[in-house]
Amino acid sequence: MRRVRSTWIAVGAQPTRVTVLIPAHNEGRRQRSEHHGNGRGAEEPLAPIVETLESLRRQSRLPDRIVVIADNCTDDTATLARAHGADVFTTSDNSHKKAGALNQWLDANLPDLDYIDHVLVMDADSTLAPDFIANALRHRAQGYHAVGGVFLGKDGGGFVGMLQRNEYARYARDVERKQGQTLVLTGTATLFSAICLKDVIAARESGRIPGTGEISHVYDTKALTEDNELTFAIQHIGYKIIAPPSCALKTEVMESWGDLWRQRYRWKRGAIENNWHYGLTRYTAKHWFLQIWGLIGILATAIYLSTLVAAFVTGAVYLHWIWMAVTLIFVFERAITVSRRGWKQVLLAGVLIIEMPYDLYLQLIHLWALSASVLRTRATW
């Protein structure tokens with residue numbers, strides 16, 4: 001067993017240990033041709049798994065063990081992982097994607113971890129800021145058993161990629177303003193205490209929270225959004241969560257409108273069905289409110305666009321100072337919330353018509369996901 005050198009940071013009376021789990025499916029070759037700031041240019045892009053592992057080797061507090069969970073890989077993901085100092089765990093007959101891959105490793109190894117152990121689960125296409133682990137352990141020492149990351153978007157994806165980076169920048173700003181309060185522990189990177197994950201399994205077995213079938217696991221393989229479901233599970237058994245801005249990372253953006261649709265449809269529908277699964281509780285109440293608020297927003301947008309089209313068709317177009325003021329306030333909000341991305345993005349965001357189609361696209365996905373959930377159509381991803 002290979003063990004990465006670490007600097008010990010105490011949590012309680014004993015030094016803690018950090019194991020990083022990276023579920024990976026064919027992350028050995030990068031398909032995009034754009035430059036990603038790795039110094040090699042467009043001709044020699046780093047494979048996603050290599051970028052991820054290099055970001056771990058640059059941590060100010062190094063992990064004690066890195067495990068790449070090679071899930072149904074047909075490329076050189078496992079070879080590259082071993083070459084860059086990681087252990088490799090190969091899944092067996094896994095048909096449950098990320099959640100199933102993680103469960104296979106956790107089922108086999110979680111019982112051997114104790115109270116000084118922590119598990120950092122991160123995506124194979126994410127890269128951590130150098131102080132991510134150190135900052136996560138600092139918040140862990142303050143009583144948080146699950147510390148999520150705050151993500152921004154990597155380069156690439158053209159116009160649709162740019163819009164996602166603006167969206168993620170707004171999300172990061174919002175989390176910072178709320179001092180790390182978050183509704184969902186991101187799957188891009190979250191640090192868990194081993195005790196917390198063990199208690200999730202115990203709570204599923206006892207019926208305190210929804211189970212995962214005949215055998216209880218950490219991750220619910222029936223959930224489309226396993227990270228959202230695990231967040232609910234952790235909160236419902238009494239553990240505190242946080243997503244501090246100091247735990248920063250970057251993750252890949254979807255490079256086409258089709259890929260974006262599939263990603264967001266899964267996110268939206270998964271969140272809706274997680275709400276149904278857990279019902280109305282103190283932890284799900286805000287999620288329910290946001291779903292209703294989203295519907296109100298869709299309705300308001302539909303009314304606005306309908307009246308606008310009708311006005312142009314009938315020639316009854318006139319400006320009213322109230323609506324002009326509301327529009328200016330909205331434009332200002334869109335621009336100021338991406339100010340950290342530079343003046344060019346501020347100017348683009350200030351031109352309302354550039355980002356409006358993106359917002360309408362996301363609203364359409366939300367409506368489609370809600371309809372599919374209500375009608376109980378079969379979900380795939």
Side-chain angles (χ1 to χ4, degrees), residues 23-27 30-34 48 71-72 95-99 123-126 151-172 174 183-184 186-188 220-229 231 250-277 287 290-302 304-305 334 338 345 348-349 352-381:
H25 172 69
N26 289 346
E27 299 289 351
R30 186 180 292 284
Q31 301 299 321
R32 65 176 63 172
S33 60
E34 299 176 60
D71 181 39
N72 297 314
S95 59
H96 297 295
K97 299 187 179 290
K98 175 183 173 181
D123 284 345
D125 58 7
S126 297
F151 54 88
L152 296 174
K154 290 183 180 180
D155 294 336
F159 181 64
V160 67
M162 180 202 73
L163 295 174
Q164 289 169 82
R165 285 188 288 278
N166 282 354
E167 179 190 7
Y168 292 168
R170 292 187 176 100
Y171 163 77
D174 186 51
L183 292 175
V184 179
T186 174
T188 55
D220 186 354
T221 57
K222 302 186 301 296
L224 288 175
T225 46
E226 66 282 340
D227 305 305
N228 188 76
E229 195 281 337
T231 303
K250 286 191 174 183
T251 192
E252 286 195 335
V253 297
M254 297 297 101
E255 297 195 324
S256 70
W257 292 103
D259 288 341
L260 180 65
W261 178 284
R262 285 183 285 274
Q263 181 198 58
R264 299 309 174 87
Y265 174 79
R266 180 173 66 86
W267 287 5
K268 295 290 186 180
R269 180 165 180 177
I272 293 167
E273 295 182 355
N274 289 158
N275 284 352
W276 288 115
H277 204 193
H287 293 261
L290 290 175
Q291 294 294 341
I292 296 171
W293 186 253
L295 282 176
I296 293 174
I298 292 171
L299 179 62
T301 300
Y304 172 76
L305 292 177
R334 302 298 289 178
V338 295
Q345 294 304 320
L348 285 172
L352 192 60
I353 196 172
I354 292 180
E355 289 195 325
M356 182 176 285
Y358 182 73
D359 294 333
L360 294 175
Y361 191 72
L362 296 183
Q363 286 188 336
L364 179 60
I365 296 173
H366 187 174
L367 188 60
W368 193 270
L370 180 61
S371 301
S373 182
V374 171
L375 296 174
R376 302 291 184 180
T377 61
R378 186 170 180 266
T380 59
W381 61 280

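When only modelled atom types and interatomic distance are considered, Tyr358 and Gln164 share no side-chain donor-acceptor pair under 3.5 Å. A donor-acceptor pair shorter than 3.5 Å can be found between the side chains of Asn274 and Thr225. In this model, no donor atom of one side chain and acceptor atom of the other lie less than 3.5 Å apart for Thr221 and Glu226. Residues Asn228 and Thr231 have side chains that never bring a donor and an acceptor to within less than 3.5 angstrom of each other.
Closest approach of Pro23 and Ala124 over heavy atoms only: O-CB, 3.6 Å. Taking every heavy atom of both residues into account, Leu152 and Ala172 meet most closely at CD2-CB, 3.9 Å. The two residues Ala369 and Tyr265 have their closest heavy-atom pair at CA-CE1, 3.6 Å.
One distance of note links CD1 of Ile365 with CZ of Arg266; it measures 12.5 Å at 0.5 Å rounding. Distance check: Arg262 CZ to Ser256 OG gives 6.0 Å after rounding to the nearest 0.5 Å. Once rounded to the nearest 0.5 Å, the distance linking CH2 of Trp261 with CG of Leu362 reads 10.0 Å. In this structure, Leu163 CG and Gln345 CD are separated by 8.5 Å, a value rounded to the nearest 0.5 Å.
With hydrogens and angles ignored, the 3.5 Å screen pairs a side-chain donor or acceptor of Arg165 with a backbone N or O of Gly156. With hydrogens and angles disregarded, no donor-acceptor distance shorter than 3.5 Å links the side chain of Asp123 to the backbone of Asp125.
Between Glu273 and Lys268 there is no salt bridge, since no side-chain nitrogen of the basic residue lies less than 4.0 Å from a carboxylate oxygen of the acidic one.
Two residues are said to be in side-chain contact when any heavy atoms from C-beta on lie closer than 4.5 Å; Leu295 and Leu370 meet this criterion. A heavy-atom distance below 4.5 Å is not found between the side chains of Lys250 and Ser126. In this structure, His287 and Ile272 have side chains that are not in contact, with every pair of non-hydrogen atoms separated by 4.5 Å or more. Counting heavy atoms from C-beta outward, Gln291 and Asn275 have side chains that approach closer than 4.5 Å. At least one side-chain heavy atom of Phe159 sits less than 4.5 Å from a side-chain heavy atom of Ile354. Using a 4.5 Å cut-off on side-chain heavy atoms (C-beta onward), Lys98 and Asp71 make no contact.
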The test is side-chain contact (heavy atoms from CB on, under 4.5 Å); show your working for Leu183 and Leu290 and say whether it passes.
CA-CA 11 Å; Leu183 292 175; Leu290 290 175; 3.2 Å; yes

Verdict with reasoning, Leu260 to Glu255, per side-chain contact (heavy atoms from CB on, under 4.5 Å)
CA-CA 7 Å; Leu260 180 65; Glu255 297 195 324; over 6 Å; no

Output, in order, the C-alpha distance, side-chain angles, deciding distance and verdict of side-chain contact (heavy atoms from CB on, under 4.5 Å) for Asp227 and Thr186.
CA-CA 6 Å; Asp227 305 305; Thr186 174; over 6 Å; no

Would His366 and Ile298 count as a side-chain contact (heavy atoms from CB on, under 4.5 Å) here? Give the steps.
CA-CA 9 Å; His366 187 174; Ile298 292 171; 4.2 Å; yes

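Take Glu355 and apply the salt bridge (Lys or Arg N to Asp or Glu O under 4.0 Å) test, not counting sequence neighbours, and it matches Arg170, Arg334.
A 6.0 Å sphere centred on CH2 of Trp257 holds more than 12 heavy atoms belonging to other residues, nucleotides or ligands.
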